[in-house]
Amino acid sequence: MTSIHFHSPDGTVRVVEGRDGQTVMEVATANGISEIEADCGGACACATCHVVVEEGLADRLPAPSVLEKDMLDFVAEPTPTSRLSCQLRIEPSLDGLILHLPSRQT
Ligand code: FES
């Protein structure tokens with residue numbers, strides 16, 4: 001299992017465990033991380049699964065696809081380390097990844 005740390009704007013930290021192959025969005029929604037709305041169910045078509053990767057950890061993730069980059073234009077508060085959690089697959093190298101949840105998705 002791989003631990004993913006979700007930091008909310010109010011300072012709350014929730015640590016959830018994911019299996020290889022799951023997406024970060026799937027792990028978040030299955031564990032009640034309600035800030036991840038995921039309206040399109042992971043089709044990379046809504047941008048309501050936005051997360052901000054902790055600075056210094058973004059290099060642990062594969063680069064975003066062209067489609068993900070295009071959809072990131074629609075997030076409410078984009079940052080240089082913004083990602084769509086439905087496009088991030090759990091793998092052991094992500095253990096301990098810190099993701100910040102935006103104050104709003106749209
Ligand atoms: Fe819709 Fe990620 S769940 S873009």
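Counting convention: from 1, in listed order, for ligands and their atoms alike. The figures here come from the full heavy-atom set of this structure, side chains too, leaving out hydrogens, waters and symmetry mates.
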Item to check | Between Ser103 and Glu77, a side-chain donor and acceptor under 3.5 Å | outcome: yes
Next on the checklist: Just verifying a value: how many Å separate His5 NE2 and Leu57 CG, rounded to the nearest 0.5 Å?
Outcome noted: 10.0 Å
Next on the checklist: With a 6.0 Å cut-off (strictly less than), is the heavy-atom count around CD of Glu17, excluding the residue itself, greater than 12?
Outcome noted: yes
Checklist entry - Distance from Thr48 atom OG1 to Glu37 atom CD, nearest 0.5 Å? => result 5.0 Å
Checklist entry - Using a cut-off of 2.8 Å, how many protein N, O or S atoms lie below it in distance from atom 2 (Fe) of ligand 1? => result 2
Checklist entry - Any chance the side chains of Ser8 and Glu35 put a donor and an acceptor closer than 3.5 Å? => result yes
Item to check | Side-chain heavy-atom pair Leu99, Ser85 within 4.5 angstrom cut-off | outcome: no
